[in-house]
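We're numbering straight along the sequence, starting at 1.
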Amino acid sequence: MQAFKSEEQLQLVQREEIDDEEELFEMIDKLTNHGINAGDVRKLQDAGIYTCNGLMMHTKKNLTGIKGLSEAKVDKICEAAEKIVNFGYITGSDALLKRKSVVRITTGSQALDELLDGGIETSSITEAFGEFRSGKTQLAHTLCVSTQISHWYLAAKLPTHMKVGNGKVAYIDTEGTFRPDRIVPIAERFGMDAGAVLDNIIYARAYTYEHQYNLLLGLAAKMSEEPCRLLIVDSVIALFRVDFTGRGELADRQQKLAQMLSRLIKIAEEFNVAVYMTNQVIADPGGGVFISDPKKPAGGHVLAHAATIRLMFRKGKGEQRVCKVFDAPNLPEAEAVFQITAGGIADAKD
């Protein structure tokens, strides 16, 4: 197989040194400088809250549910946190400046990167849905490697000042589809040490929706200690479809799913992490005979509203796959063709 860095239309260009990113979050222990005792801070940490930014994303009702925190204490804690982080109005110019911290992670395919305006972006949730063997998990494995590119990145007609991913990857596997041996040839394609790449991936196998949610809660501690650039959930809906059955449990399922998706959104924004989640499809009985592909993503409106960018994958000829932008706030509806190779996701060959 032709080496990745020798492909004609893709060249590796040395990345300009990027200034250290501004602190994206304030650690929770800074509350002690504003009159909050260390014991109460530890109670917040035990509840999975490690940053002031994350604290402000919780309701007071949730905080008073933490053992040992009264309403008076919670009011005092929130008042102190508001002095450390600004969660009020900002100008559009400030919002634009904040967007400068967004990092885009290359997919390994120039066509797919161009479709996504540079790749999978941080501080957002990117959902990929499609039937089996459409390339969703293959892209997840490729992103595990491409996220860790540090001093080199794909030119691929993208702006030369673009930041690229450089950090650890968290992988929550709900269907048993993660294959560490798949990472090896992908790392070799990018000219990276496979052992080092695998060491930078933290992996967990989830067996119930509760286990899946608890794994997300535990990520806050890890991300507050060392940067994590990508969180993969493959797939987001599988365990909910197993643990909740029938229409009688549908409302409860959607409520629990909404809570988990809310947690994903908070992780993405709190730590500037790219969340890539795969989703299954279900048959749409109301699709009718005039719909060529009567399948729709699982999860309903709850999942649809949570995802920032929704991508629809479908099979093409041979190992070719097609990705369509199904919904995105800043991307036009368009398609890109890519290919699954031994070295991961790549441009399709004519």
Side-chain angles (χ1 to χ4, degrees), residues 1-5 103 105-109 112 119-120 122 126-130 132-154 164-209 211-219 221-223 225-239 242 264 267 271 273-280 313 319 321 338-346:
M1 182 184 66
Q2 192 177 10
F4 175 79
K5 52 190 173 185
V103 174
I105 302 168
T106 178
T107 62
S109 162
L112 198 48
I120 306 296
T122 58
T126 300
E127 172 205 356
F129 68 88
F132 65 96
R133 290 194 69 249
S134 58
K136 306 183 299 294
T137 298
Q138 295 300 319
L139 177 56
H141 282 74
T142 304
L143 290 171
C144 281
V145 179
S146 64
T147 301
Q148 301 182 46
I149 298 174
S150 56
H151 295 293
W152 299 83
Y153 75 100
L154 288 173
V164 293
N166 181 16
K168 289 183 178 292
V169 179
Y171 199 118
I172 297 177
D173 182 5
T174 69
E175 297 183 278
T177 52
F178 177 70
R179 295 293 181 268
D181 46 305
R182 184 76 181 92
I183 299 296
V184 176
I186 299 175
E188 291 173 349
R189 171 201 174 192
F190 281 88
M192 301 172 72
D193 179 74
V197 169
L198 285 166
D199 286 341
N200 275 330
I201 301 171
I202 55 174
Y203 168 81
R205 174 75 163 93
Y207 293 96
T208 68
Y209 82 92
H211 186 197
Q212 184 177 345
Y213 186 76
N214 289 334
L215 287 170
L216 290 176
L217 291 178
L219 271 179
K222 297 181 182 297
M223 291 184 179
E225 292 173 0
E226 53 185 330
C228 187
R229 188 60 78 195
L230 174 69
L231 167 60
I232 294 172
V233 183
D234 185 21
S235 82
V236 69
I237 196 70
L239 297 177
V242 172
L264 283 173
I267 288 174
F271 298 103
V273 171
V275 175
Y276 172 75
M277 63 184 189
T278 66
N279 190 14
Q280 300 171 348
F313 283 24
E319 292 303 313
R321 301 293 184 267
F338 63 93
Q339 186 168 331
I340 299 173
T341 70
I345 299 297

Exercise for review: With rounding to the nearest 0.5 Å, note down the distance linking SG in Cys144 to CD1 in Ile186.
Suggested key: 8.0 Å
Check your understanding: Side-chain contact, heavy-atom cut-off 4.5 Å: Thr126 with Val275?
Key -> no
**Study point:** Rounded distance (nearest 0.5 Å) linking atom CZ of Phe129 with atom OG of Ser235
**Key:** 13.5 Å
Check your understanding: Is any side-chain heavy atom of Val236 less than 4.5 Å from a side-chain heavy atom of Ile172?
Key -> no
Review point. In this structure, which one of Gln339, Arg321, Arg182 forms a side-chain hydrogen bond (donor to acceptor under 3.5 Å, both in side chains) with Gln138?
Key: Arg182
Study note, to complete from the structure: All heavy atoms of Asn279 vs all of Glu127, minimum pair found to be ND2-OE2, 2.9 Å
Check your understanding: How far apart are the C-alpha atoms of Thr106 and Ile149, what are their side-chain angles, what is the distance that settles it, and do they pass the side chain to side chain contact (heavy atoms under 4.5 Å, CB included) test?
Key -> CA-CA 9 Å; Thr106 178; Ile149 298 174; 4.2 Å; yes
Check your understanding: Below 6.0 angstrom between ring centroids: does that apply to Phe338 and Phe313?
Key -> yes
Review point. Under a 4.5 Å cut-off applied to non-hydrogen side-chain atoms, are Thr147 and Val169 in contact?
Key: yes
Review point. Between His141 and Ile183, what is the shortest heavy-atom contact and its length?
Key: O-CD1, 3.6 Å
Check your understanding: Any side-chain heavy atom of Arg229 within less than 4.5 Å of one from Thr122?
Key -> yes
Check your understanding: Can you name the nearest heavy-atom pair linking Ile120 to Ala274, along with the distance?
Key -> CG2-CB, 4.2 Å
**Study point:** N/O donor-acceptor pair under 3.5 Å between Arg205 side chain and Thr174 backbone
**Key:** yes
Practice item. Decide whether Thr278 and Asp234 meet the rule of one side-chain donor and one side-chain acceptor closer than 3.5 Å. Key: yes
**Study point:** For the student: nearest non-hydrogen atoms of Leu239 and Thr208, plus distance
**Key:** CD1-O, 3.4 Å
Check your understanding: Is there a donor-acceptor pair under 3.5 Å between the side chain of Arg189 and the backbone N or O of Ala342?
Key -> no
Study note, to complete from the structure: Note: Ile345 and Thr107 closest approach over all heavy atoms is CB-O, 3.5 Å
**Study point:** Atom pair CG (Leu219) and CG (Asn214), whose distance is rounded to the nearest 0.5 Å
**Key:** 11.5 Å
Check your understanding: Between atom CD1 of Ile237 and atom CD of Gln212, what is the distance when rounded to the nearest 0.5 Å?
Key -> 9.0 Å
Study note, to complete from the structure: By side-chain hydrogen bond (donor to acceptor under 3.5 Å, both in side chains), Gln280 pairs with (sequence neighbours left out) Glu175, Arg241
Practice item. Walk me through it: do Tyr276 and Leu139 pass the test side chain to side chain contact (heavy atoms under 4.5 Å, CB included)? Key: CA-CA 9 Å; Tyr276 172 75; Leu139 177 56; 3.7 Å; yes
Practice item. Quick one: closest heavy-atom pair of Met192 and Val145, and the distance? Key: SD-CG1, 3.8 Å
Please tabulate, one pair per line, all N/O donor-acceptor pairs under 3.5 Å involving side-chain atoms of residues 196-203, not counting sequence neighbours.
residue : atom : partner : partner atom : Å
Asn200  : OD1  : Lys168  : NZ           : 3.0
Asn200  : ND2  : Gln148  : OE1          : 3.1
Tyr203  : OH   : Asp173  : OD2          : 2.9

Point to revise | Intermediate values then yes/no, side chain to side chain contact (heavy atoms under 4.5 Å, CB included), Phe271 and Cys228 | key: CA-CA 8 Å; Phe271 298 103; Cys228 187; over 6 Å; no
